[in-house]
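What you see below is based on every heavy atom in this structure, not just the backbone, and it leaves out hydrogens, waters and symmetry mates. Computed from a predicted structure; not experimentally measured. Throughout, numbering of the chain's residues begins at 1 and tracks the sequence. Just follow the structure's listing: the first ligand is 1, and inside any ligand the first atom is 1.
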Amino acid sequence: MSATLVYTHAACLNHLPGPGHPESPERLQTVLRTLRDPEFAALEWRDAPLGTVEQVELVHVREFVDEVAEISPRQGYVPLDGGDTVMSPGSWEAVMRCVGAACAGVDAVLNGDARNVFCATRPCGHHAEPGRAMGFCIFNQAAIAAAYAYEVHKLERIAVVDFDVHHGNGTQAAFYDRPALFYASSHQSPLYPGTGAVSETGVSHNIVNVPLPPGCDSTLFRARIAAEMLPAIRDFSPELIVISAGFDAHELDPLAGLRLTNEDFFWVTEKLMNIADETCQGRVVSILEGGYSMEGLAGGTRAHMRALLGMAN
Ligand SMILES: [Zn+2]
(Lines give C-alpha, C1' and ligand atoms only; values in the text may rest on other atoms or scores of the structure.)
Protein backbone atom coordinates (compact mmCIF):
# COMPACT_ATOMS: atom_id res chain seq x y z
CA MET A 1 0.00 0.00 0.00
CA SER A 2 1.53 3.31 -1.05
CA ALA A 3 -1.09 5.80 0.10
CA THR A 4 -0.41 8.78 2.30
CA LEU A 5 -3.41 9.61 4.48
CA VAL A 6 -4.21 12.96 6.08
CA TYR A 7 -6.37 12.91 9.19
CA THR A 8 -8.03 16.16 10.17
CA HIS A 9 -11.30 17.47 11.61
CA ALA A 10 -13.13 20.80 11.64
CA ALA A 11 -13.42 20.50 15.44
CA CYS A 12 -9.68 21.19 15.65
CA LEU A 13 -10.45 24.76 14.54
CA ASN A 14 -12.75 25.25 17.55
CA HIS A 15 -10.06 25.16 20.23
CA LEU A 16 -9.81 28.91 20.87
CA PRO A 17 -6.99 29.90 23.24
CA GLY A 18 -7.93 33.58 22.97
CA PRO A 19 -7.10 36.69 20.95
CA GLY A 20 -3.42 37.12 20.20
CA HIS A 21 -2.47 33.61 21.31
CA PRO A 22 0.17 32.21 18.92
CA GLU A 23 -1.41 28.74 18.84
CA SER A 24 -4.32 29.98 16.72
CA PRO A 25 -6.85 28.25 14.46
CA GLU A 26 -5.18 30.14 11.61
CA ARG A 27 -2.24 27.76 11.97
CA LEU A 28 -4.31 24.73 11.02
CA GLN A 29 -6.06 26.67 8.26
CA THR A 30 -2.61 27.45 6.84
CA VAL A 31 -1.59 23.78 6.97
CA LEU A 32 -4.85 22.64 5.34
CA ARG A 33 -4.58 25.27 2.59
CA THR A 34 -1.04 24.03 1.87
CA LEU A 35 -2.10 20.39 1.70
CA ARG A 36 -5.12 21.11 -0.53
CA ASP A 37 -2.86 22.45 -3.28
CA PRO A 38 -3.15 20.48 -6.55
CA GLU A 39 0.45 19.27 -6.13
CA PHE A 40 -0.88 17.10 -3.29
CA ALA A 41 -3.81 15.61 -5.20
CA ALA A 42 -2.49 12.13 -4.32
CA LEU A 43 -3.31 12.61 -0.63
CA GLU A 44 -6.24 10.65 0.75
CA TRP A 45 -8.24 12.60 3.32
CA ARG A 46 -9.90 11.08 6.38
CA ASP A 47 -12.04 12.61 9.12
CA ALA A 48 -10.28 12.19 12.45
CA PRO A 49 -12.40 9.99 14.72
CA LEU A 50 -12.99 10.95 18.33
CA GLY A 51 -10.35 9.50 20.59
CA THR A 52 -11.37 7.67 23.73
CA VAL A 53 -10.58 8.25 27.39
CA GLU A 54 -8.99 4.79 27.38
CA GLN A 55 -6.55 5.96 24.69
CA VAL A 56 -5.74 9.13 26.63
CA GLU A 57 -5.10 7.09 29.77
CA LEU A 58 -2.40 5.09 27.98
CA VAL A 59 -0.21 8.12 28.81
CA HIS A 60 -2.11 10.41 31.17
CA VAL A 61 -3.13 9.73 34.76
CA ARG A 62 -6.84 9.35 35.40
CA GLU A 63 -7.08 12.23 37.90
CA PHE A 64 -5.69 14.65 35.32
CA VAL A 65 -7.97 13.38 32.54
CA ASP A 66 -10.98 13.72 34.86
CA GLU A 67 -9.88 17.23 35.82
CA VAL A 68 -9.61 18.33 32.18
CA ALA A 69 -13.04 16.87 31.40
CA GLU A 70 -14.62 18.57 34.43
CA ILE A 71 -12.97 21.95 33.91
CA SER A 72 -13.99 22.10 30.22
CA PRO A 73 -16.07 25.31 30.00
CA ARG A 74 -19.51 25.82 28.44
CA GLN A 75 -18.55 29.40 27.71
CA GLY A 76 -15.52 31.63 28.08
CA TYR A 77 -12.01 30.45 28.86
CA VAL A 78 -10.45 28.34 31.59
CA PRO A 79 -6.66 28.42 32.13
CA LEU A 80 -4.93 25.07 32.67
CA ASP A 81 -1.30 26.16 33.00
CA GLY A 82 -1.12 29.81 33.94
CA GLY A 83 -2.17 31.73 30.83
CA ASP A 84 -0.26 29.56 28.36
CA THR A 85 -2.68 26.69 27.99
CA VAL A 86 -6.34 27.54 27.85
CA MET A 87 -9.57 25.61 27.33
CA SER A 88 -12.52 27.04 25.43
CA PRO A 89 -15.88 25.30 24.87
CA GLY A 90 -14.52 23.56 21.74
CA SER A 91 -11.26 22.39 23.28
CA TRP A 92 -12.36 19.00 24.61
CA GLU A 93 -13.55 17.79 21.22
CA ALA A 94 -10.48 19.29 19.52
CA VAL A 95 -8.03 17.39 21.73
CA MET A 96 -10.06 14.18 21.47
CA ARG A 97 -9.91 14.50 17.65
CA CYS A 98 -6.13 14.93 17.99
CA VAL A 99 -5.94 11.70 20.00
CA GLY A 100 -8.33 9.89 17.65
CA ALA A 101 -6.36 10.95 14.58
CA ALA A 102 -3.09 9.77 16.08
CA CYS A 103 -4.46 6.33 17.02
CA ALA A 104 -6.32 5.93 13.71
CA GLY A 105 -3.07 6.82 11.95
CA VAL A 106 -1.29 4.05 13.84
CA ASP A 107 -4.06 1.61 12.89
CA ALA A 108 -3.81 2.64 9.22
CA VAL A 109 -0.07 2.07 8.85
CA LEU A 110 -0.06 -1.13 10.92
CA ASN A 111 -3.08 -2.60 9.13
CA GLY A 112 -1.52 -1.83 5.76
CA ASP A 113 -4.11 0.77 4.76
CA ALA A 114 -1.43 3.41 4.28
CA ARG A 115 2.30 3.75 3.85
CA ASN A 116 2.36 6.82 6.03
CA VAL A 117 0.04 9.32 7.69
CA PHE A 118 -0.03 13.01 8.54
CA CYS A 119 -2.30 14.23 11.34
CA ALA A 120 -3.29 17.82 10.56
CA THR A 121 -4.65 18.50 14.01
CA ARG A 122 -4.28 21.02 16.82
CA PRO A 123 -3.57 21.90 19.59
CA CYS A 124 -0.06 20.47 19.79
CA GLY A 125 0.74 17.88 22.44
CA HIS A 126 4.39 17.26 23.21
CA HIS A 127 4.62 19.48 26.33
CA ALA A 128 1.68 17.73 28.02
CA GLU A 129 3.03 15.49 30.79
CA PRO A 130 1.24 12.44 32.21
CA GLY A 131 -0.24 14.56 35.00
CA ARG A 132 -0.42 18.10 33.62
CA ALA A 133 -1.18 20.35 30.65
CA MET A 134 1.59 22.71 29.64
CA GLY A 135 2.87 24.97 26.86
CA PHE A 136 -0.27 25.14 24.67
CA CYS A 137 -0.66 21.32 24.99
CA ILE A 138 -3.50 19.50 26.80
CA PHE A 139 -3.08 15.80 25.91
CA ASN A 140 0.05 14.36 24.27
CA GLN A 141 -1.16 12.72 21.07
CA ALA A 142 2.30 11.65 19.83
CA ALA A 143 3.08 9.86 23.09
CA ILE A 144 -0.41 8.35 23.06
CA ALA A 145 0.10 7.08 19.49
CA ALA A 146 3.28 5.28 20.58
CA ALA A 147 1.70 3.82 23.73
CA TYR A 148 -1.30 2.73 21.65
CA ALA A 149 0.99 0.90 19.19
CA TYR A 150 2.60 -0.82 22.16
CA GLU A 151 -0.55 -1.74 24.09
CA VAL A 152 -3.02 -2.45 21.29
CA HIS A 153 -0.84 -3.55 18.37
CA LYS A 154 1.74 -5.22 20.64
CA LEU A 155 4.75 -3.63 18.97
CA GLU A 156 7.92 -3.93 21.03
CA ARG A 157 9.84 -0.83 19.89
CA ILE A 158 8.24 2.49 18.95
CA ALA A 159 10.21 5.69 18.32
CA VAL A 160 8.89 9.25 18.56
CA VAL A 161 11.17 11.70 16.75
CA ASP A 162 10.56 15.37 17.51
CA PHE A 163 12.06 18.21 15.45
CA ASP A 164 9.88 20.93 16.97
CA VAL A 165 12.13 23.75 18.20
CA HIS A 166 10.98 23.16 21.78
CA HIS A 167 11.90 20.10 23.80
CA GLY A 168 9.00 17.68 24.22
CA ASN A 169 9.24 17.40 27.98
CA GLY A 170 5.88 15.64 28.10
CA THR A 171 6.89 12.86 25.75
CA GLN A 172 10.19 12.45 27.54
CA ALA A 173 8.45 12.22 30.92
CA ALA A 174 5.99 9.63 29.61
CA PHE A 175 8.75 7.47 28.07
CA TYR A 176 11.56 7.87 30.61
CA ASP A 177 11.02 4.55 32.39
CA ARG A 178 9.66 2.61 29.42
CA PRO A 179 12.42 0.91 27.38
CA ALA A 180 9.99 -0.03 24.57
CA LEU A 181 9.34 3.64 23.89
CA PHE A 182 12.16 5.73 22.41
CA TYR A 183 12.21 9.51 22.20
CA ALA A 184 14.66 11.58 20.14
CA SER A 185 14.41 15.36 20.12
CA SER A 186 16.28 18.22 18.47
CA HIS A 187 15.48 21.56 20.03
CA GLN A 188 16.89 24.99 20.74
CA SER A 189 18.68 25.32 24.08
CA PRO A 190 18.29 27.45 26.08
CA LEU A 191 14.57 27.82 25.38
CA TYR A 192 11.21 26.87 26.90
CA PRO A 193 10.61 24.47 28.65
CA GLY A 194 14.26 24.13 29.77
CA THR A 195 14.49 20.33 29.70
CA GLY A 196 16.26 18.24 27.06
CA ALA A 197 19.90 18.06 28.13
CA VAL A 198 22.13 15.38 26.58
CA SER A 199 22.44 13.88 30.08
CA GLU A 200 18.70 13.05 30.17
CA THR A 201 18.98 9.55 28.70
CA GLY A 202 16.05 7.56 30.07
CA VAL A 203 16.15 4.22 31.85
CA SER A 204 17.85 2.41 28.95
CA HIS A 205 19.27 5.14 26.72
CA ASN A 206 15.78 5.32 25.22
CA ILE A 207 15.92 9.14 25.35
CA VAL A 208 18.24 11.02 22.96
CA ASN A 209 18.40 14.79 23.22
CA VAL A 210 20.15 17.01 20.67
CA PRO A 211 20.14 20.56 22.06
CA LEU A 212 21.00 23.16 19.42
CA PRO A 213 22.36 26.65 20.06
CA PRO A 214 20.37 29.78 19.12
CA GLY A 215 21.20 30.73 15.53
CA CYS A 216 21.82 27.10 14.51
CA ASP A 217 21.74 26.92 10.70
CA SER A 218 21.18 24.14 8.15
CA THR A 219 24.77 22.96 8.15
CA LEU A 220 25.05 22.56 11.91
CA PHE A 221 21.54 21.09 12.20
CA ARG A 222 22.22 18.42 9.59
CA ALA A 223 25.62 17.57 11.05
CA ARG A 224 24.24 17.19 14.59
CA ILE A 225 21.20 15.16 13.47
CA ALA A 226 23.37 12.88 11.33
CA ALA A 227 25.92 12.32 14.11
CA GLU A 228 23.79 12.20 17.27
CA MET A 229 20.23 11.30 16.36
CA LEU A 230 19.97 9.12 13.25
CA PRO A 231 22.43 6.42 14.41
CA ALA A 232 20.61 6.12 17.76
CA ILE A 233 17.24 5.68 16.04
CA ARG A 234 18.75 3.08 13.71
CA ASP A 235 20.26 1.21 16.66
CA PHE A 236 16.86 1.15 18.38
CA SER A 237 15.40 -0.41 15.22
CA PRO A 238 11.84 0.90 15.61
CA GLU A 239 8.82 -1.01 14.36
CA LEU A 240 7.02 2.31 13.91
CA ILE A 241 8.23 5.91 13.75
CA VAL A 242 5.97 8.67 15.05
CA ILE A 243 7.10 12.17 14.11
CA SER A 244 6.33 15.17 16.31
CA ALA A 245 6.39 17.54 13.35
CA GLY A 246 6.79 21.09 14.59
CA PHE A 247 7.88 23.78 12.17
CA ASP A 248 8.95 26.44 14.67
CA ALA A 249 12.66 25.78 14.08
CA HIS A 250 12.07 27.58 10.76
CA GLU A 251 14.12 30.74 10.30
CA LEU A 252 10.92 32.81 10.04
CA ASP A 253 9.43 31.62 13.34
CA PRO A 254 8.74 34.40 15.87
CA LEU A 255 8.98 32.22 19.02
CA ALA A 256 12.51 30.84 18.59
CA GLY A 257 15.90 31.54 17.09
CA LEU A 258 16.97 28.65 14.86
CA ARG A 259 17.56 29.20 11.16
CA LEU A 260 16.20 26.10 9.43
CA THR A 261 14.86 26.35 5.90
CA ASN A 262 12.10 24.46 4.11
CA GLU A 263 14.78 22.20 2.61
CA ASP A 264 15.89 21.13 6.09
CA PHE A 265 12.40 19.85 6.88
CA PHE A 266 12.47 17.86 3.63
CA TRP A 267 15.93 16.55 4.50
CA VAL A 268 15.13 15.38 8.01
CA THR A 269 11.83 13.81 6.92
CA GLU A 270 13.58 11.88 4.16
CA LYS A 271 16.25 10.65 6.59
CA LEU A 272 13.58 9.38 8.99
CA MET A 273 11.73 7.68 6.12
CA ASN A 274 14.95 5.97 5.08
CA ILE A 275 15.30 4.50 8.57
CA ALA A 276 11.63 3.50 8.54
CA ASP A 277 12.20 1.77 5.19
CA GLU A 278 15.11 -0.15 6.71
CA THR A 279 13.46 -1.14 9.98
CA CYS A 280 9.67 -1.12 9.60
CA GLN A 281 8.45 -1.15 5.99
CA GLY A 282 8.34 2.64 5.91
CA ARG A 283 5.71 2.98 8.64
CA VAL A 284 5.56 6.63 9.70
CA VAL A 285 2.80 8.53 11.50
CA SER A 286 3.55 12.25 11.52
CA ILE A 287 1.67 14.58 13.85
CA LEU A 288 1.59 18.38 13.66
CA GLU A 289 3.13 20.11 16.67
CA GLY A 290 4.21 23.80 16.71
CA GLY A 291 5.01 26.44 14.07
CA TYR A 292 3.97 30.06 14.53
CA SER A 293 5.09 31.88 11.37
CA MET A 294 2.34 31.26 8.83
CA GLU A 295 4.87 31.43 5.99
CA GLY A 296 7.30 29.15 7.81
CA LEU A 297 4.52 26.74 8.73
CA ALA A 298 3.29 26.56 5.13
CA GLY A 299 6.79 26.11 3.72
CA GLY A 300 7.81 23.54 6.30
CA THR A 301 4.59 21.57 5.93
CA ARG A 302 4.91 21.56 2.15
CA ALA A 303 8.49 20.26 2.30
CA HIS A 304 7.57 17.64 4.91
CA MET A 305 4.63 16.41 2.84
CA ARG A 306 6.66 16.27 -0.38
CA ALA A 307 9.07 13.97 1.44
CA LEU A 308 6.26 11.82 2.92
CA LEU A 309 4.84 11.39 -0.60
CA GLY A 310 8.24 10.47 -2.03
CA MET A 311 8.30 13.56 -4.25
CA ALA A 312 11.52 15.41 -5.12
CA ASN A 313 12.47 18.37 -2.94
ZN1 LIG B 1 7.35 24.28 19.57
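- Per residue D248, closest N, O or S atom to the Zn ion (ligand 1): atom name OD2.
- Between the Zn ion (ligand 1) and D164 there is an N/O/S contact shorter than 2.8 Å.
- At a cut-off of 3.5 Å, with distance as the only test, a side-chain donor of T4 or N116 sits close to an acceptor on the other residue.
- In this model, a donor atom of one side chain and an acceptor atom of the other lie less than 3.5 Å apart for H153 and D107.
- Among H166, H127, H167, the one residue that satisfies the side-chain hydrogen bond (donor to acceptor under 3.5 Å, both in side chains) test with T195 is H167.
- For the Zn ion (ligand 1), the N/O/S atoms of H166 include one lying under 2.8 Å.
- Inspection of the E263 and N313 side chains reveals no N or O donor paired with an N or O acceptor under 3.5 Å.
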